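Inspection log for the structure reproduced underneath, given as structure tokens.
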Amino acid sequence: MNFWLVKSEPDVYGWAHFTAQGRAVWDGVRNYQARNNLSAMRLGDQVLFYHSVSKPAVVGLATVVREAYPDPTVTETPNRWVAVELEPVMAFEQPVTLAQIKAEPMLATIALIRQSRLSVMPIRPDEFELLLKLSDT
DNA sequence: GCCAACGTTGGC
DNA sequence: GCCAACGTTGGC
């Protein structure tokens, strides 16, 4: 089992949209490192859902329900990009804000801080555990 | 709205 | 292959 974090701008596609829809095609990623992370996702992996920009915080947990396949939004050939599909698992009781994450010494090396512009990233098991704990979920 | 970080593009 | 210009992301 692997752990990941994906970012989304809540004004564009937030947790509320995700849960209302029940399932999301995670497409549109156009960064090689993020794409490689999408490709490494396996069925049942746990995915933290992060709201960027307006209220930066981890807001919920999702799981991988379809592994990487060619991104259907790409029209050029060859298609270098991939999509996965995610389903919501549960909302966090308390969103874990970026400020909290930055204030936590044990999360100093989390990819969210080290590579602030990456939109799909791996999370270590210990980081994942701590984030869940901070969420009171 | 501003700015830092950083990825991409294109000239040479 | 180097680097300047430029665009995008995302925090504040």
Side-chain angles (χ1 to χ4, degrees):
Chain A
M1 159 101 60
N2 300 307
F3 303 101
W4 309 94
L5 180 147
V6 297
K7 288 182 182 175
S8 190
E9 291 189 37
D11 297 338
V12 178
Y13 189 85
W15 179 259
H17 304 93
F18 182 36
T19 50
Q21 199 172 294
R23 187 178 177 116
V25 176
W26 215 259
D27 58 21
V29 170
R30 297 292 181 271
N31 168 281
Y32 286 104
Q33 203 178 347
R35 179 205 60 184
N36 293 343
N37 290 331
L38 283 182
S39 295
M41 288 185 182
R42 293 296 170 260
L43 287 177
D45 281 359
Q46 308 271 74
V47 182
L48 296 163
F49 194 104
Y50 177 83
H51 278 171
S52 64
V53 182
S54 53
K55 274 191 173 180
V58 183
V59 295
L61 182 63
T63 192
V64 178
V65 292
R66 182 173 177 187
E67 294 181 4
Y69 61 100
D71 184 333
T73 66
V74 174
T75 51
E76 311 89 69
T77 50
N79 182 349
R80 300 193 220 78
W81 307 108
V82 301
V84 298
E85 290 181 15
L86 303 177
E87 270 182 18
V89 174
M90 60 188 179
F92 274 9
E93 207 60 46
Q94 296 293 333
V96 182
T97 65
L98 182 61
Q100 276 178 279
I101 293 170
K102 283 186 167 172
E104 178 53 67
M106 286 183 61
L107 294 174
T109 58
I110 196 169
L112 185 66
I113 294 170
R114 281 202 345 267
Q115 286 178 272
S116 62
R117 293 185 50 198
L118 187 60
S119 63
V120 182
M121 67 191 76
I123 296 294
R124 295 198 316 257
D126 60 306
E127 294 167 341
F128 181 83
E129 284 301 317
L130 183 53
L131 286 167
L132 267 201
K133 195 174 152 204
L134 291 171
S135 76
D136 282 341
T137 308

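In the text below, chain A, chain B and the rest are named by the order of the sequence lines, each starting its count at 1. Just so we're clear, the structure is a prediction, and the values are computed from it rather than from any experiment.
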*Going through the checks in order, is the side-chain contact (heavy atoms from CB on, under 4.5 Å) test met by L107(A) and L134(A)?*
CA-CA 12 Å; L107(A) 294 174; L134(A) 291 171; 4.2 Å; yes
*Can you check whether E93(A)'s main-chain N or O pairs, donor with acceptor, with T137(A)'s side chain at less than 3.5 Å?*
yes
*Please answer whether the main-chain N or O of V120(A) pairs with a side-chain N or O of N37(A) as donor and acceptor at a distance below 3.5 Å.*
yes
*asked:* With a 4.5 Å cut-off on side-chain heavy atoms, are I101(A) and L112(A) touching?
replied: yes
*With under 30° as parallel and over 60° as perpendicular, where do the rings of F49(A) and W15(A) fit, or are they tilted in between?*
perpendicular
*Mind checking whether S8(A) and W26(A) have side chains closer than 4.5 Å, heavy atoms only?*
yes
*Group every Ile, Leu, Val, Met, Phe, Trp and Tyr by side-chain heavy-atom contacts under 4.5 Å, then state whether V82(A) and L5(A) land in the same group.*
no
*Linking I/L/V/M/F/W/Y whenever any side-chain heavy atoms sit under 4.5 Å apart, do V6(A) and M1(A) land together?*
no
*Within residues 30-39 of chain A, residues whose heavy atoms come under 4.0 Å of DNA chain C*: none
_Whole-Å distance separating the CE atom of M121(A) from the C1' atom of dC6(B)_ = 14 Å
*asked:* When you group the ILVMFWY residues by side-chain heavy-atom contacts below 4.5 Å and let the links chain together, are M121(A) and Y13(A) in the same group?
replied: no
Pairs: protein N or O with nucleotides 9-12 of chain C N or O, under 3.5 Å:
| residue | atom | partner | partner atom | Å |
| --- | --- | --- | --- | --- |
| dG10(C) | OP1 | K7(A) | NZ | 3.3 |
| dG11(C) | OP1 | Y50(A) | OH | 2.7 |
| dG11(C) | OP2 | V53(A) | N | 2.8 |
| dG11(C) | O3' | K102(A) | NZ | 3.4 |
| dC12(C) | OP1 | K102(A) | NZ | 2.5 |

*Are V29(A) and V65(A) in one and the same hydrophobic cluster, where Ile, Leu, Val, Met, Phe, Trp and Tyr link if side-chain heavy atoms are under 4.5 Å apart?*
no
*Through what angle, rounded to 10 degrees, does the axis of the helix from dG1(B)-dC12(C) to dC12(B)-dG1(C) turn between its ends, using five pairs per end?*
10°
